[in-house]
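Letters A, B, ... are given to chains in the order of the sequence lines, protein chains preceding strands, and every chain is numbered from 1.
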Amino acid sequence: MKRSTVKMLLASRELDHEVLLKGWVRTRRGNNQVAFIAVNDGTVIHSIQVVADLDAFPEALMKRVTTGSSISVTGKLVASQGKGQRVEILARELIVLGDADPEEYPLQKKGHSFEFLREIAHLRFRTNTFGAVFRIRHSLAFAIHKYFNDRGFFYLHTPIITASDAEGAGAMFKVTTLDLNEPPRNDSGAIDFTQDFFGRPTNLTVSGQLEGELGALALSSIYTFGPTFRAENSNTPRHVAEFWMIEPEMAFYDIHDNMDLAEDFLKYLIKYTLEHCQDDLEFLNKMVDKGLMERLRFVLEHPFERMNYTAAIHILKQSGAKFEFPVAWGSDLQAEHERYLVEKHFKRPVILTDYPAEIKAFYMKQNDDGKTVRAMDVLFPMIGEIIGGSQREEELGKMQQRMKEMNIPEDELWWYLETRKFGTVEHSGFGLGFERLIMFITGMSNIRDVIPFPRTPKSAEF
RNA sequence: UCCUCAGUAGCUCAGUUGGUUAGAGCGGCGGACUGUUAAUCCGUAGGUCGUAGGUUCAAGUCCUACCUGGGGAGCCA
């Protein structure tokens, strides 16, 4: 007989026929006559109840049906006699596929702390919460590809190993095949990277943006979706050393087109999840974050507030709120400032634009005022900056001048500059942190709980 | 990296001004129970008190360093 998934069985309209079920035992209840076994196979958040008459199965077998064990059940799918579930399976045949010694198996029927589950990340997939989170993670990844594909964007694979160290997005992980104990040295005593695998120093990428721009300036609209690495010693619930980022890049888009896309994109993803992951969201709303669904719907139904940096500074100064860090034009907004704008003042997502050039990257389009650049940050409640982007500087001379001011060597980025030299056009793009998006949509408050295998300082188990 | 809090049974935690043999709930194990829903009831085992030093007649408790984790900050996505 062909195996049916729990998802199929729970949705089944046809009853009273034989089915084959395979899955993992979540709980077992019962009395001396009958056992109720909750079986989950991860296809949906719900488990299905298997009813086993103890007269029909040897005691030695039933003793092996413990929390965490895997079983195969053949039996009739029937309407449940008890309350709490619509259907159940009356077991005719039951096989234990894999034992799970109850004295050793760490997961219990009761809830565990996320901190503890992080220590057993290899088993946390078997919990309701992590099942929900990772099913949603999948759906979001799929929805991202669907969104861009439906709009004519091309998925571009930018390199994971990069030779450019000029992107300014933080510390990088070095990639080398040199012997770290005895690296080759040149005449001046420095490590001789000409003998390294690529003949030059290389790192793991911190962003695919610069390469993404090359694609956009030929294919019109592209997006990247891949792993990104930051060697920063960041210890917060919002940072990991290895994460996934989505970076669309569009030729012929100005900053306003860019904002329109960012807002539409985020709303699409929220809507997609509400429509396709209802059961998982309802579970998370009930068990993890009681305000989750309401917040998602609110973000969906209201336009994002758009305002430039200078106006935001004005609001903060007028607010009368007490901040630990002073509000001053020219300095970057602190987390407390962003939170005030999003959570107290506007009470909705905010897109801030036109930041002072000094606090933003060299590639951002310079405004005519000579002071600000066409940056755009999308700020979300709970998690802060979810998107950072800009219209890009397309004038070669202006970019070269800015690079000089910021001590960025032109020769390392000659290929990037040539896109401004040959047929340059207005273009824009942004980066969305995939895990931060998942945090917002699932209500999980620690980024380590929305990525299957988190990499953080001093932690790379599993 | 800085600030701060924490680390006691498999899990979640209590443990008084330092003072005899370190407790509870859940989970596990044994038993009872005719349909359970985090089942219920009775019984039971289980501890190098994060690690290393120190103070003291005496340290889970006080001091120092380190490790690990949570929260906040910085950096950012």
Roughly, in whole Å, what's the span from [atom1] in [X] to [atom2] in [N]?
| X | N | atom1 | atom2 | value |
| --- | --- | --- | --- | --- |
| A:Ile386 | B:rA77 | CD1 | C1' | 9 Å |
| A:Ile37 | B:rA39 | CD1 | C1' | 15 Å |
| A:Glu115 | B:rU68 | CD | P | 16 Å |
| A:Lys360 | B:rC75 | NZ | C1' | 12 Å |
| A:Leu117 | B:rG69 | CG | C1' | 14 Å |
| A:Phe380 | B:rC76 | CZ | C1' | 17 Å |
| A:Asp332 | B:rA77 | CG | P | 10 Å |
| A:His112 | B:rG27 | NE2 | P | 11 Å |

Distance-only polar pair, side chains of [X] and [Y], donor-acceptor under 3.5 Å:
| X | Y | value |
| --- | --- | --- |
| A:Gln209 | A:Tyr363 | yes |
| A:Arg26 | A:Asn128 | yes |
| A:Glu338 | A:Gln334 | no |
| A:Arg392 | A:Ser390 | yes |
| A:Tyr223 | A:Glu249 | no |
| A:Trp329 | A:Thr310 | yes |

State the pairing partner of [N]; accept Watson-Crick or G-U wobble contacts with both distances under 3.5 Å, and report none otherwise.
| N | result |
| --- | --- |
| B:rC76 | none |
| B:rU20 | none |
| B:rA6 | B:rU68 |
| B:rC11 | B:rG25 |
| B:rA39 | none |

At less than 4.0 Å, is any side-chain N or O atom of [X] found next to OP1 or OP2 of [N]? Yes or no.
| X | N | result |
| --- | --- | --- |
| A:Arg29 | B:rA39 | yes |
| A:Arg448 | B:rG69 | no |
| A:Arg28 | B:rG27 | no |

**Message:** Near RNA chain B, counting only heavy atoms under 4.0 Å, which residues of residues 433-446 of chain A show up?
**Reply:**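 Residues of residues 433-446 of chain A under 4.0 Å from RNA chain B: A:Gly433, A:Arg436, A:Asn446.
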**Item:** Ring geometry between A:Phe142 and A:Tyr272 (parallel below 30°, tilted from 30 to 60°, perpendicular above 60°)
**Value:**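 If you compare the ring of A:Tyr272 with that of A:Phe142, the planes turn out tilted.
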**Message:** Could you tell me if A:Arg151 sits above the aromatic ring of A:Tyr268, with its cationic atom closer than 6.0 Å to the ring centre and no more than 45 degrees from the axis?
**Reply:** yes
If the [atom1] atom of [N] is compared with that of [M], how far apart are they to the nearest Å?
| N | M | atom1 | result |
| --- | --- | --- | --- |
| B:rU1 | B:rU61 | C1' | 32 Å |
| B:rG23 | B:rA14 | C1' | 7 Å |
| B:rA9 | B:rG28 | C1' | 12 Å |
| B:rG46 | B:rG54 | P | 32 Å |
| B:rU55 | B:rA59 | C1' | 10 Å |
| B:rU44 | B:rA24 | C1' | 16 Å |
| B:rG15 | B:rA22 | C1' | 7 Å |
| B:rG60 | B:rU16 | C1' | 13 Å |

**Item:** Nucleotide nearest A:Ile447 (side chain, heavy atoms from C-beta), chosen from B:rA77, B:rA39, B:rG74
**Value:**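 Nearest to the side-chain atoms of A:Ile447, counting from C-beta on, is B:rA77.
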**Asked** Among B:rG72, B:rU1, B:rU37, which nucleotide sits nearest the side chain of A:Lys83?
**Response**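 Of B:rG72, B:rU1, B:rU37, B:rU37 is nearest to the side chain of A:Lys83.
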**Asked** Using a cut-off of 4.0 Å between protein heavy atoms and nucleotide atoms, how would you tag nucleotides 28-35 of chain B 5' to 3' with B, S and -?
**Response** SSS--BSB
Scan [X] against the nucleic acid and name what it touches under 4.0 Å (heavy atoms): base, sugar-phosphate only, or nothing.
| X | answer |
| --- | --- |
| A:Ala335 | sugar-phosphate |
| A:Arg339 | sugar-phosphate |
| A:Leu432 | nothing |
| A:Phe243 | base |

**Prompt:** In a check of side chain to side chain donor-acceptor pair (under 3.5 Å) between A:Glu88 and each of A:Lys76, A:Gln49, A:Gln81, which one passes?
**Reply:** A:Gln49
**Message:** Can you tell me which residue among A:Asn367, A:Thr372, A:Asn308 is in a side chain to side chain donor-acceptor pair (under 3.5 Å) with A:Asp354?
**Reply:** A:Asn367
**Message:** Donor-acceptor check, side chain of A:Glu247 to backbone of A:Gly208, threshold 3.5 angstrom: yes or no?
**Reply:** yes
**Asked** Can you find a donor-acceptor pair, distance only, under 3.5 Å between A:His239 side chain and B:rC76 base?
**Response** yes
**Item:** Under-3.5 Å donor-acceptor pair between A:Ser234 side chain and B:rC75 base
**Value:** yes
Filtered N/O pairs between nucleotides 13-15 of chain B and protein, under 3.5 Å:
none

**Message:** Nearest heavy atom decides the nucleotide; on that basis, is A:Glu385 or A:Phe325 closer to the 5' end of RNA chain B?
**Reply:** A:Phe325
Verify whether the ring centers belonging to [X] and [Y] lie closer than 6.0 Å.
| X | Y | result |
| --- | --- | --- |
| A:His145 | A:Tyr155 | yes |
| A:Phe298 | A:His302 | yes |
| A:Phe265 | A:Phe148 | yes |

**Message:** Please evaluate residues A:Leu21 and A:Ile89 with respect to the criterion side chain to side chain contact (heavy atoms under 4.5 Å, CB included), reporting the C-alpha separation (whole Å), side-chain torsions for both, the decisive distance (0.1 Å), and the verdict.
**Reply:** CA-CA 9 Å; A:Leu21 167 75; A:Ile89 297 172; 3.8 Å; yes
